[in-house]
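Everything on this sheet refers to the single structure shown next.
The structure presented is a predicted model; accordingly, all values stated were derived computationally and were not measured.
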Amino acid sequence: QVQLVESGGGSVQAGGSLRLSCVASTLTSFRSYTMGWFRQAPGKEREFVSAITWLGTTHYADSVKGRFTISRDTTKNTVYLQMNSLKPDDTAVYYCAAVSYGRRVAERSEYGYWGQGTQVTVSS
């Protein structure tokens, strides 16, 4: 069974930074997966944040472009989300997701595996 475990969330002031990590320890072919980050704020739907495809191409929501950076370490089966210049609107639970050879990277329905989420709180 695929297991995705997020870490790195926390509380920061506006303008601060956090780095989220997601370890996919049970994925036997990590290189063949598209890895995504989504977030869900209270009372809102889960929304796309960023993704890195099996080819290594990266995608970002307009709201985080220029502030967030996604990367992966295939030797550690880990995907990262570096978040800089954080804003109170970034406050949410952040979820890691995975799909084999995923193409529709911004669509929740594309992903078959999800982590439990990590809370990010940004205060003004």
Side-chain angles (χ1 to χ4, degrees):
Q1 184 170 344
V2 175
Q3 185 175 22
L4 306 178
V5 179
E6 303 98 333
S7 63
S11 297
V12 296
Q13 291 191 327
S17 298
L18 286 172
R19 189 177 80 154
L20 306 183
S21 300
C22 171
V23 180
S25 57
T26 56
L27 279 179
T28 56
S29 302
F30 183 75
R31 288 177 180 270
S32 66
Y33 278 77
T34 287
M35 302 297 296
W37 286 99
F38 288 75
R39 66 186 181 187
Q40 187 167 18
K44 295 187 178 181
E45 292 191 354
R46 194 171 298 189
E47 64 176 6
F48 170 74
V49 175
S50 182
I52 184 165
T53 71
W54 76 96
L55 296 172
T57 55
T58 58
H59 303 264
Y60 298 95
D62 287 343
S63 60
V64 306
K65 279 181 182 176
R67 300 188 298 122
F68 291 11
T69 303
I70 192 170
S71 61
R72 64 179 180 174
D73 184 338
T74 57
T75 66
K76 297 180 179 179
N77 277 26
T78 302
V79 61
Y80 303 98
L81 186 68
Q82 178 66 44
M83 307 187 296
N84 298 329
S85 302
L86 283 161
K87 304 175 182 179
D89 284 349
D90 295 318
T91 295
V93 177
Y94 283 71
Y95 296 90
C96 175
V99 57
S100 178
Y101 298 112
R103 296 180 183 275
R104 298 172 294 153
V105 299
E107 297 185 25
R108 286 180 297 170
S109 60
E110 178 79 345
Y111 295 84
Y113 305 109
W114 292 85
Q116 293 300 306
T118 185
Q119 176 71 47
V120 171
T121 303
V122 184
S123 58
S124 57

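- Looking only at side-chain heavy atoms (C-beta outward), T53 and H59 come within less than 4.5 Å of each other.
- Using a 4.5 Å cut-off on side-chain heavy atoms (C-beta onward), V23 and L4 make no contact.
- Side-chain contact between P88 and V122 is present, with heavy atoms from C-beta onward closer than 4.5 Å.
- One hydrophobic cluster holds both L81 and F30 under the rule that ILVMFWY side chains link at heavy-atom gaps under 4.5 Å.
- Ring geometry for F38 against Y111 counts as perpendicular: the plane angle is over 60°, on a 0 to 90° scale with 30° as the lower cut.
- Closest approach of K44 and Q40 over heavy atoms only: O-NE2, 3.1 Å.
- E6 places a side-chain N or O within 3.5 Å of a backbone atom of C96 that can act as its donor or acceptor partner.
- Between the NZ atom of K76 and the OG atom of S25 there is a distance of 14.5 Å, given to the nearest 0.5 Å.
- Taken to the nearest 0.5 Å, the OG atom of S100 stands 5.0 Å off from the OH atom of Y33.
- Side-chain polar atoms of D73 and T78 form no donor-acceptor pair below 3.5 angstrom.
- With 3.5 Å as the limit, one finds a donor-acceptor pair spanning the side chains of Y94 and R39.
- Both the sub-6.0 Å distance and the 45° axial angle are satisfied by R46 relative to the ring of W114.
- Taken together through direct or relayed side-chain contacts under 4.5 Å among Ile, Leu, Val, Met, Phe, Trp and Tyr, Y60 and M35 form part of one hydrophobic cluster.
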Let's go through V64 and F48 carefully: what are the C-alpha distance in whole Å and the side-chain angles of both, what is the deciding distance for side-chain contact (heavy atoms from CB on, under 4.5 Å) to 0.1 Å, and is it a yes or a no? CA-CA 10 Å; V64 306; F48 170 74; over 6 Å; no
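- Atom CD1 of I52 is separated from atom OG1 of T34 by 9.0 Å, given to the nearest 0.5 angstrom.
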Should N84 and S17 be marked as a side chain to side chain donor-acceptor pair (under 3.5 Å) after you check the CA-CA gap, both sets of side-chain angles, and the distance that decides it? CA-CA 4 Å; N84 298 329; S17 298; 2.9 Å; yes
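- A donor-acceptor distance shorter than 3.5 angstrom exists from the side chain of R72 to the backbone of W54, with no hydrogens or angles considered.
- One hydrophobic cluster, built from ILVMFWY side chains closer than 4.5 Å, cannot hold both V99 and V79; they sit in different ones.
- Panel note: side chain S29, backbone R31; no donor-acceptor pair is recorded below 3.5 Å.
- Scanning both residues, A41 and A92, for their nearest heavy atoms gives N-CB, 3.8 Å.
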From CA spacing to verdict: salt bridge (charged side-chain N to carboxylate O under 4.0 Å, His left out), K87, D90: CA-CA 5 Å; K87 304 175 182 179; D90 295 318; over 6 Å; no
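- Note on L20: it does not cluster hydrophobically with Y95, by side-chain heavy-atom contacts below 4.5 Å among ILVMFWY residues.
- Crowding of Q119 atom CD: a count of heavy atoms from other residues, nucleotides or ligands under 6.0 Å exceeding 12.
- Between the CG atom of L27 and the OH atom of Y113 there is a distance of 7.5 Å, given to the nearest 0.5 Å.
- Taking the side chain as every heavy atom from C-beta outward, T91 and V120 never approach each other to under 4.5 Å.
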